[in-house]
Amino acid sequence: MEASGVFSNYGPLNTELETAFVDQLFDGTGACMTVCNATIGLMLAIHHVAAKPRGTRRYALMPSFTFAATAHATIWAGLTPLLCDIATDSWTPSAESEEELLAKYAGEIVVVVPYATFGNSIDLDRYERLSVERGIPVVVDAAASLGSRDIDGRQFGTGAENPVVFSMHATKTFATAEAGLVYSKDERIIRTLRQMSNFGFDDRIAVMPGLNGKLSEVGALLGLAKLEGFERIVDHRAELANAYRTALPDFPTQTLRGAPAFQFMPMLFPEDVAHRRKDVQAALRDRGIGSAAYFSPHLAEHPYFREVCEVGPLPNTAHISSRVISLPMSDQMTTDEVFEVCDRIRSELDRTAS
Ligand SMILES: Cc1ncc(COP(=O)(O)O)c(C=O)c1O
């Protein structure tokens, strides 16, 4: 970097990283562009496919069981999030709930933003059909899916026409610091988004909406370093997930489509002890063990989103969200450490049961 004097603006390291992603993860098909984080990637893609003159009410259909960034990105594009339910088994957006809201708000939904929950793959063919047949664009929030394999064994998103947005945030399986990636089979979409991400410039003249969404060369270097040995990281985390399932067989997990790249271990408390979640988290914390409860609250429970979103019926979301816990995982963690976490959970639950 010092030698070339190039520190950003789609420099040689960034180009190397984008090329490596397409070649190594996406089977050499399609195109991708880095962004400084996935939230900006979502904002660019959603603005590109759905932003129209203001005035009429326009909705972005998305699950309530997702991270705040999905909703924020659509609000920045001038849209109103319309929150749908999830399926009880996969925890991904429920097709029935989406269909119900597509019918109820016919003509008012300008983009669908499904979330591939915790790296679990969703049926992208169904979304491609939906966007072609109904003329409603789709932008896929795949924040946790770098390294996730779909049922055909390929990186989730490979060959998708609709933009698919991944995160490389420090908390993700493909952890760097702050970074994201937008992929599409359609190189023209990526070319346009790249321009938008560089102030909407064509030869330093603004010709379209823009912002600064570029990844620095330092960020690209972190990505290149992570890509080396990434498959081993994904495999190791799959082993940790198996250990969690073995140690907590009464804690339901997502029904998987393909093989996700586990960021953490999402599990549900058995119904009769779900009200003990906070106590269990405190007991873990006492031993220096971090945990979280993604997504509790879910979007419709956040004060800001409750005020600005339109909310459909969410019975499954409410049920899953009230029982969910995100148990720790890292590249260095061992299966013995997983068993230690699970023992601690078990002893806290047993302590109060007796
Ligand atoms: C579902 C979802 N969407 C979007 C994002 C935003 O990613 P980033 O932190 O790279 O902006 C996240 C980040 O955790 C996420 O979980």
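Counting starts at 1 for both ligands and their atoms, following the listed order.
- With no hydrogens or angles considered, no side-chain donor-acceptor pair links His302 and Arg306 at under 3.5 Å.
- Each of Gln281, Arg277, His275, Arg276 was compared with Asp279 under the side chain to side chain donor-acceptor pair (under 3.5 Å) criterion, and only Arg276 meets it.
- Residue pairs meeting the salt bridge (Lys or Arg N to Asp or Glu O under 4.0 Å) criterion with at least one partner in residues 192-208, sequence neighbours excluded, are Glu18-Arg194.
- In the hydrophobic clustering, where aliphatic and aromatic side chains (Ile, Leu, Val, Met, Phe, Trp, Tyr) are joined below 4.5 Å either directly or transitively, Phe199 groups with Phe201.
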I'd like to know whether Ser64 forms a side chain to side chain donor-acceptor pair (under 3.5 Å) with His298, so could you lay out the CA-CA distance, the side-chain angles of the two residues, the decisive distance to 0.1 Å, and finally the verdict.
CA-CA 6 Å; Ser64 191; His298 58 88; 2.8 Å; yes
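- Applying the side chain to side chain contact (heavy atoms under 4.5 Å, CB included) test to Asp123 and every residue at least two apart in sequence or in another chain returns Asp125, Arg126, Arg257.
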Provide, line by line, the atom pairs where ligand 1 and the protein bring an N/O atom each to a distance under 3.5 Å; else say none.
{"residue": "ligand 1", "atom": "3 (N)", "partner": "Asp141", "partner atom": "OD1", "Å": "3.2"}
{"residue": "ligand 1", "atom": "3 (N)", "partner": "Asp141", "partner atom": "OD2", "Å": "2.7"}
{"residue": "ligand 1", "atom": "10 (O)", "partner": "Ala38", "partner atom": "N", "Å": "2.9"}
{"residue": "ligand 1", "atom": "10 (O)", "partner": "Ser167", "partner atom": "OG", "Å": "2.8"}
{"residue": "ligand 1", "atom": "11 (O)", "partner": "Ala38", "partner atom": "N", "Å": "3.3"}
{"residue": "ligand 1", "atom": "11 (O)", "partner": "Thr39", "partner atom": "N", "Å": "2.9"}
{"residue": "ligand 1", "atom": "11 (O)", "partner": "Thr39", "partner atom": "OG1", "Å": "2.6"}
{"residue": "ligand 1", "atom": "14 (O)", "partner": "Lys172", "partner atom": "NZ", "Å": "2.5"}

